[in-house]
Structures are given as C-alpha cells and as structure tokens.
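Letters A, B, ... mirror the listed sequences (proteins, then strands); counts begin at 1. On a predicted model such as this, the values are computed, not experimentally measured, just so you know.
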2 protein chains.
Amino acid sequence: MKEGPDIAQIGALIGDPARANMLAALTGGKALTATELAAVGGITLQTASAHLSKLEAGGLLLPRKQGRHRYFTLADETVARLIESMMGFAASRGHLRHQPGPKEPALRKARICYDHLAGDYGVRMLDSLVAKGAIDAVGDGLALTAQGEETFQCIGINVADLKASRRPLCRSCLDWSERRAHLAGSLGKALLSNFFDKGWARRTAGSRSVIFSPEGERQFLALFPVETPVAV
Amino acid sequence: MKEGPDIAQIGALIGDPARANMLAALTGGKALTATELAAVGGITLQTASAHLSKLEAGGLLLPRKQGRHRYFTLADETVARLIESMMGFAASRGHLRHQPGPKEPALRKARICYDHLAGDYGVRMLDSLVAKGAIDAVGDGLALTAQGEETFQCIGINVADLKASRRPLCRSCLDWSERRAHLAGSLGKALLSNFFDKGWARRTAGSRSVIFSPEGERQFLALFPVETPVAV
DNA sequence: TCCATACTTCGACCGTAGCCGAAGCATCTC
DNA sequence: GAGATGCTTCGGCTACGGTCGAAGTATGGA
C-alpha cells in the first residue's frame, strides 16, 4: 500500500502553525535570524530553535552562520514554489486567516514571492509583457522572444548574463491572490531588483508586501499597460 | 505577521501518515470506499471514518454515496497536482519510504497519476510527441500543434470533443520518479483511456502501477519512439 | 576580563489528536 | 422481518509533539 515518496513528513513539517508562519515569512526572500523567526511564529526562542532544526533536517531551510547570528533562508526556489502553490490551494479552498487584517490589501496589490514580484502588479506585468510580444505564453509555459530580449535590454537588464546561469529564465508562478500566473525565474528576479534599484518600490520591514512610490507607480503602470486582460 | 492563506491547515491534513497514504492511493484516480481506504491507511474503519471526515471538510476529498457504500475521490485535479508536486519535492529531499519494496520498479515504469500516464513511459511518451512535432513545448507549457491534431485523430482520439470541455487540453505534470514532465490534461487522460480500451495495458488491483501486455508494450514503444532525450 | 547578546540543550508539563472497542444507524439481501 | 454489510458516533485511553523555564555554549564588544 505504501507507494512512492513520503509526503506525510513534509506535510507534517508545514502543518504546524508556527512553522508555517516562519516559512511564509521566508517566502519574502529575505534571510531572517532565529530570533526574528521566533517573533514571526509567536513563540519563544527555545521553541523556535527546535522548529528550525526540524525544518533544516527536512531540507526546507538553509542556515547561514554570520557572527553570533544564524540566518535562515528557504533552501531552494523549489521550496518557495511549494509554499506558494500550497497557498494558492489553501486560498481556493477557503482556508483563510481568521481576520483578513489591514495589511491584506497591500499584500494583494504587490508582494515579493521569493525574489520576484507577485500580486495584482505581478500579474499585470506578465499580462502586459505577453500582450506586447516580449514573452511568449504557451499553456503554462513562458519563453522570452527575440523582441523581448531587446525590450529588457532597454530597461537595463542584461539578458545575456541571466542566460549564463543555470536557473530558468522565465517561469510561471501561480499567484494565490489573483489565481493567475505571474513571472518568476531569473528574469522575474531581475525585473524586481531593477525596480528597487530605480527607487520605484521598496520592501517593507516585517512583511512581504512591496510599496511603490507615487512616481514609481506612475512609471510602472506606463511601462506595463494593459488593454484587455490576457487569459492564462 | 500572519500573512496570506493558511497553509498549516492543509499541511496538517496531509501530514498524518494514514491520511497521506489515503491521498496517495486516491491519486490512482479510482474512487475507493471507506473500508478500502482504511486498509490503505493501515487503520480500523472507525479511525478511517474520522480521517475521511476531516479530509472532506478540508476540501480535499469528495464523497459519493452509492447504496450502502461511500466512495471517495480527490475533489479535483488540483488536489492531485498538489499531491504529485509534494511527492516530487519529497523525493528530491530524500524523504523516501523505509523499504523501497518490490513494487517500486513497476511504479517507476508506468503508473496512473489521477487519470493520465506517469512514470518512465509517461515521460517517454511526451518526449516522443514533442520530438515528432505533435506537441509544442515552451518552458513548462505544452500546446497541441495542428500536426498533432491529425496524429491523435489517427490513433482514434477525437480532439474536437476534448476541446469542448473546460478542462485544459495539455498540461505538464512533474513526474516524481523521473523528475521530468509528463502529459496531463484531457489529452493525457484520453491517451491513457485509449491504451486501456485497446487492451495494451491494464490497471492493477491495489496499486497505482499500470501493467502493459507484451503486445501492448511493443505497440506503445513503436508508436512513441525516442531518439535523443528532450530536455524539459 | 567581564558582560551582553544570540542561540542551543535539557527537562518537565500539558493538550491535542490519533487510536480502538463497543454500540448505533443506514442500506441492501433474503 | 431478520440478518448481513458498510459506515458513523461515542467514550476513553495513550502517546507524541509543542511549549516554556532554566541552564549551558558560543560570539562580539568594551
């Protein structure tokens, strides 16, 4: 009867509220210390330490020692994708938080998903790129077009550098709030970094949400116009 | 701190070994009774009943009453994809079963993933279809080509019928044993049904594995030849 | 050297969730 | 109606896992 890999183990790892909160926080892409993660999980440092050991042993987290701090990050982009896909699934089944909270709208508008832009703005950006022919969409798959290569060069993104890395250039990532795809992969990362560098947007302290400056928002919306929504 | 949908709930649902085994068994696509699922989970009927209630309440399972039986299926194809993706993740992290068991090779060769073919043969089939130009692969995405439409018509699959349904025609599904993509979607389902109808293969009693007849195997391999593996 | 900070380990507590035996419904068969 | 089968509910047991206080180990700074 027991067939295939053991999903119960990682299910159980994610299944604890404190651990789930930690993982969700780390999906923001920033490395966090044990103390910070304890606060996120709403538990004491000792308890957090035990949880972090388990997550590390399970291959979900990667610790990095730096002086007397221990910074934790998600082990891998695949972990981030698993968490996001579970969030999407949870949202579709109505497994929402008890109180939506005031930060929810900001989170739905624009947030970090591991290292790229998600939320309404993330989906909008991908729609616009597909509409203008910079990215080719077939089914779930995304591919950069020759025209797109020029476009990104103009924005200030060196596509050749990105191609050199082993990581896929374009990847579609399902957005839990919009239930549509946004752009992940090294290109998605490069775009978000680009926005930060230009001062169009900034990350927030204790949250995954991304705040655009008024000017940055204007530029962003101008750069990624949407006529009619593109089905994905 | 609490941001986004609650992944802990579904994590916990999947995190129990008995429930995980039930879900894995249901990924085989067949509807199973509470008694059968109790056997799968290695627990008594009462305990299984409680587990099944929870899974149903969580939106993972769909019960169907038939006489004095209650048949359970996965609620949705999205559930199957979640389970498979967790299996892929678990396999990549080495979360394997204690003893691989004698059935393992058969499972890796060919098995059912919800309603389509997975395993070595599933991956091989997709590779071959892409190589011969029947299916277009861009990144993760798959799309039927005009040429492919003819091909499938010849095999005896009415593509027009499939297009009429709301379900996507082609979908890539990550194979946990091969770590490569195989073909899901209504076309994947139609192909597997086609093999069953032709008598090329049959399902096994208590397992997800698919057994090919000697003749069926010959035909399958002839229909889906592979020259050089296609990267996905 | 001494103290503060960051984190881990130990030990004990406790609650929840899984488990089963027994009894209770529901449905089919004869 | 009587009996068999499939499943649920109830009650009580048990164990595992999460929790924290307290003590212990590392690192950095004064």
Practice task
Report which part of the nucleic acid A:S53 touches: base, sugar-phosphate, or nothing (heavy-atom distance under 4.0 Å, all strands).
Solution key: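 Since no nucleic acid heavy atom lies under 4.0 Å of A:S53, the category is nothing.
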Measure [atom1]/[X] against [atom2]/[N] and give the value in whole Å, please.
X     : N      : atom1 : atom2 : answer
A:L52 : C:dC7  : CG    : C1'   : 10 Å
B:H69 : C:dT27 : NE2   : C1'   : 10 Å
B:R70 : C:dT27 : CZ    : P     : 12 Å
B:R64 : C:dT27 : CZ    : C1'   : 19 Å

Indicate every side-chain donor-acceptor pair of residues 23-36 of chain B with a distance under 3.5 Å to a residue at least two apart or in another chain.
unit_1 : atom_1 : unit_2 : atom_2 : d
B:T27  : OG1    : B:L23  : O      : 2.8
B:T27  : OG1    : B:A24  : O      : 3.3
B:T33  : OG1    : B:E36  : N      : 3.2
B:T33  : OG1    : B:E36  : OE1    : 3.3
B:E36  : OE1    : B:T33  : N      : 2.8

Donor-acceptor list for residues 46-53 of chain B side chains, cut-off 3.5 Å, not counting sequence neighbours:
unit_1 : atom_1 : unit_2 : atom_2 : d
B:Q46  : OE1    : B:T44  : OG1    : 3.0
B:T47  : OG1    : B:T44  : OG1    : 3.1
B:H51  : ND1    : B:R19  : NH1    : 3.1
B:S53  : OG     : B:S49  : O      : 3.0

In a table with atom names and distances, give each donor-acceptor pair under 3.5 Å that connects a side chain of residues 208-220 of chain B to protein atoms at least two apart or in another chain.
unit_1 : atom_1 : unit_2 : atom_2 : d
B:R208 : NE     : B:I112 : O      : 3.1
B:R208 : NH2    : B:E84  : OE2    : 2.7
B:R208 : NH2    : B:I112 : O      : 3.1
B:S209 : OG     : B:T204 : OG1    : 3.3
B:S209 : OG     : B:S207 : OG     : 3.1
B:S213 : OG     : B:W200 : O      : 3.4
B:S213 : OG     : B:G216 : N      : 2.8
B:E215 : OE1    : B:R218 : NE     : 3.4
B:E215 : OE2    : B:R218 : NH2    : 3.3
B:E215 : OE2    : B:Q219 : NE2    : 3.0
B:E217 : OE1    : B:K109 : NZ     : 3.3
B:E217 : OE2    : B:K109 : NZ     : 3.3
B:E217 : OE2    : B:Y121 : OH     : 2.5

Handout entry: Partners passing ring-ring contact (aromatic ring centres under 6.0 Å, His included) against B:H69 (at least two apart in sequence or in another chain)
Key =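 Scan of B:H69 (ring-ring contact (aromatic ring centres under 6.0 Å, His included), adjacent residues dropped) gives B:Y71.
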Short heteroatom pairs, N/O only, protein and nucleotides 28-30 of chain C, under 3.5 Å:
none

Exercise for the section: If a pair satisfies salt bridge (charged side-chain N to carboxylate O under 4.0 Å, His left out) and one of its residues is in residues 48-73 of chain B, list it, with sequence neighbours excluded. Expected result: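 Output for this query lists B:E56-B:R70.
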Considering only distance and modelled atom types, tabulate donor-acceptor pairs under 3.5 Å from the side chains of residues 191-199 of chain B, sequence neighbours left out.
unit_1 : atom_1 : unit_2 : atom_2 : d
B:S193 : OG     : B:K189 : O      : 2.9
B:N194 : OD1    : B:K198 : NZ     : 2.9

Practice task
Could you pull out all residues at least two apart from A:T73 that satisfy side-chain hydrogen bond (donor to acceptor under 3.5 Å, both in side chains)?
Solution key: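 Not a single residue meets the side-chain hydrogen bond (donor to acceptor under 3.5 Å, both in side chains) criterion with A:T73.
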Exercise for the section: Check side-chain hydrogen bond (donor to acceptor under 3.5 Å, both in side chains) between B:E77 and all other residues, then give those that pass, not counting sequence neighbours. Expected result: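 Partners of B:E77 under the side-chain hydrogen bond (donor to acceptor under 3.5 Å, both in side chains) test: B:R167.
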Problem - Residue pairs passing the ring pair (Phe, Tyr, Trp, His ring centres under 6.0 Å) test where at least one lies in residues 165-190 of chain B, sequence neighbours excluded - result: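 For residues 165-190 of chain B: B:H116-B:H182.
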Practice task
Take nucleotides 16-21 of chain C nucleotide by nucleotide from the 5' end and write B, S or -, depending on whether a protein heavy atom sits under 4.0 Å from the base, only from the sugar-phosphate, or from neither.
Solution key: --SSBB
Exercise for the section: Check every nucleotide of DNA chain D for an atom under 4.0 Å from a heavy-atom of chain A, then give the first and the last such nucleotide from 5' to 3'. Expected result: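 First-to-last contact on DNA chain D, by the 4.0 Å heavy-atom rule, is D:dG18 to D:dG28.
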Exercise for the section: May I ask you to say whether B:D120 pairs ionically with B:R180, meaning some side-chain N is under 4.0 Å from a carboxylate O? Expected result: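 No, this pair does not count.
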Exercise for the section: Hey, which sits more toward the 5' end of DNA chain D by its nearest nucleotide, A:A50 or B:E36? Expected result: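 Closer to the 5' end of DNA chain D: B:E36.
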Exercise for the section: Would you check if the side chain of A:D175 reaches a backbone N or O of A:A118 as a donor-acceptor pair within less than 3.5 Å? Expected result: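 Side chain of A:D175 to backbone of A:A118: no pair is present.
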